[in-house]
Amino acid sequence: MIVGTAITLTPLAMAFPTKTITIVVPTAAGGGNDLMARTIAQKLGPMLGQSIVVENRAGANGSIASEFVARAAPDGHTLMLGYIATHAMNPALQKLRYDPVTDFEPVGLVGYSATLMVANANTPVKDVKDLVAQLKAKPDKYTYATAGNGTAPHFAGELFKLNAGVVMLGVPYKGAAPAVNDTIGGQTQFMFPSLFTALPHVKGGTLKALAVAGPKRSPLLPDVPTLKEAGVDGVEVQQWYALFAPGKTPKAVVDRLNKALNDVLRDKDVIKRMEDHGADVETSTPEQLGAMVKSELVKWKDVVTKAKLTAE
């Protein structure tokens, strides 16, 4: 969905930006979120006539970055590449020192990526059915890595355990990049990263794709079944990414950012780079993103209750 809206820029929006813009990423360098932010920043800077720096503030499952941006000056010069964990899952799981709705102004959606179930390439598991059988015979035989409690890999892993009726210990990391690295290294055996994060490693043969934790197969990995097809229903975790500004950022500035972001996301090079990594570009108005965040919070609060998930 590419949204085209005619925006009349006010003097405030026309003057913006007046200095370097920082896009804060809530995960470690080298992960999917980081690559996405840098891909956007490269084109957004020239579009706005200012340089843009990407700053990684990993830790506390995205809370460190979220709190920093929520308390930043609401002038549009500090932004955040937020995603499903920072603005829906983690807030649904526990009380945080920021509110994903009132402390942020939604700028616009960036895209979606399916969640992939992957294994260390040397793990002696043929497929999902084989894994379930091994775990039922020997609970806690394997461990799975997460990008931290309250992140999509955590939710997907817990939903998999719940719906498959198995036991597997989750090991939280400070972001997807170190979690993927340890899964490749064999310290953990499984993970549920975004397709965007996992695809290069699957193509390189260091991770083995077992299933898609979503409603349909990925055209990039057509031979990999969905978890439902593999016999485990109820694990659908579609990850999304979006740009946010601090709460109370003037509407004129938000609209200027939204227009520039949507222009960047129409760029064929940006679309190709995102798609090559397994993400589908999707744009929105600020209002559409705001409504989506609210509905996602309701959805994942319901999952937390039903699955009896805790932050520990």
Side-chain angles (χ1 to χ4, degrees), residues 17 20-45 47-48 50-72 74 76-91 96 98 100-101 103-113 147-148 150-153 174-177 193-197 238-247 249 253-254 257-258 260-265 267 270-271 273-274 277-284 286 288-290 292-293 296:
T20 298
I21 294 170
T22 300
I23 297 179
V24 178
V25 176
T27 54
N33 300 48
D34 181 58
L35 177 62
M36 198 173 280
R38 290 176 195 279
T39 299
I40 291 165
Q42 205 172 15
K43 301 275 185 178
L44 189 62
M47 194 84 68
L48 291 168
Q50 276 289 352
S51 58
I52 296 183
V53 297
V54 173
E55 187 177 306
N56 299 87
R57 285 183 174 259
N61 312 325
S63 294
I64 289 172
S66 301
E67 286 174 33
F68 177 80
V69 175
R71 285 154 183 69
H77 292 95
T78 304
L79 306 173
M80 178 180 180
L81 186 87
Y83 69 124
I84 190 171
T86 55
H87 283 71
M89 288 178 161
N90 205 17
L96 300 168
Y98 70 91
V101 176
D103 286 342
F104 294 89
E105 296 298 333
V107 173
L109 197 57
V110 169
Y112 290 95
S113 183
T151 61
K174 290 180 179 178
S194 69
L195 182 60
F196 191 80
T197 297
Q238 178 91 313
Q239 303 195 40
W240 53 262
Y241 310 84
L243 207 60
F244 295 89
T249 298
V253 170
V254 170
L257 285 165
N258 175 264
L261 175 65
N262 289 349
D263 286 345
V264 166
L265 295 173
D267 185 289
V270 171
I271 292 169
R273 188 157 192 215
M274 300 267 266
H277 278 77
D280 294 317
V281 169
E282 183 138 355
T283 65
S284 74
Q288 287 166 333
L289 174 57
M292 190 191 86
V293 168
E296 283 279 286

Could you report the tightest heavy-atom contact between [X] and [Y], atom names first, then the distance?
X      : Y      : answer
Gly31  : Ala177 : N-CB, 3.8 Å
Asp267 : Lys43  : OD2-NZ, 3.5 Å
Thr86  : Gly82  : OG1-CA, 3.5 Å
Ala72  : Pro246 : O-CB, 3.7 Å
Ile84  : Ala152 : CG2-CB, 4.1 Å
Ile52  : Ala41  : CG2-CB, 3.7 Å

Starting at [atom1] of [X], measure out to [atom2] of [Y] and round the result to the nearest 0.5 Å.
X      : Y      : atom1 : atom2 : value
Leu44  : Asp263 : CG    : CG    : 9.5 Å
Arg57  : Ile64  : CZ    : CD1   : 9.0 Å
Ser284 : Leu261 : OG    : CG    : 8.0 Å
Thr283 : Leu109 : OG1   : CG    : 7.5 Å
Tyr83  : Thr151 : OH    : OG1   : 5.5 Å
Met274 : Tyr241 : CE    : OH    : 9.0 Å

Just wondering, do [Y] and [X] contact through their side chains at under 4.5 Å, heavy atoms?
X      : Y      : value
Leu81  : Met36  : yes
Leu289 : Phe244 : yes
Leu35  : His277 : yes
Met80  : His87  : yes
Leu48  : Ile21  : yes
Leu79  : Val69  : no
Arg38  : Val25  : no
Leu96  : Asn90  : yes

Donor-acceptor contact present, side-chain [X] to main-chain [Y], <3.5 Å:
X      : Y      : answer
Asn258 : Val107 : yes
Asn61  : Gly150 : no
Tyr98  : Phe104 : no
Ser113 : Gly278 : yes

What residues form a salt bridge (charged side-chain N to carboxylate O under 4.0 Å, His left out) with Asp103, not counting sequence neighbours?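 By the salt bridge (charged side-chain N to carboxylate O under 4.0 Å, His left out) rule, Asp103 matches no residue at all.
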Can you tell me if [X] and [Y] form a side-chain donor-acceptor pair at under 3.5 Å?
X      : Y      : answer
Trp240 : Glu296 : yes
Thr78  : Thr22  : no
Ser63  : Ser66  : no

Stepwise, does the side chain to side chain contact (heavy atoms under 4.5 Å, CB included) test hold for Gln239 with Phe196? CA-CA 10 Å; Gln239 303 195 40; Phe196 191 80; over 6 Å; no
Between Val53 and Ile23, does a side chain to side chain contact (heavy atoms under 4.5 Å, CB included) hold up when you go through it step by step? CA-CA 6 Å; Val53 297; Ile23 297 179; over 6 Å; no
Qualifying residue for side chain to side chain contact (heavy atoms under 4.5 Å, CB included) with Val254, from Pro74, Pro286, Pro106: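 Per the side chain to side chain contact (heavy atoms under 4.5 Å, CB included) rule, the option paired with Val254 is Pro286, out of Pro74, Pro286, Pro106.
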List the steps, then state whether side chain to side chain contact (heavy atoms under 4.5 Å, CB included) holds for Val270 with Leu265. CA-CA 6 Å; Val270 171; Leu265 295 173; 4.2 Å; yes
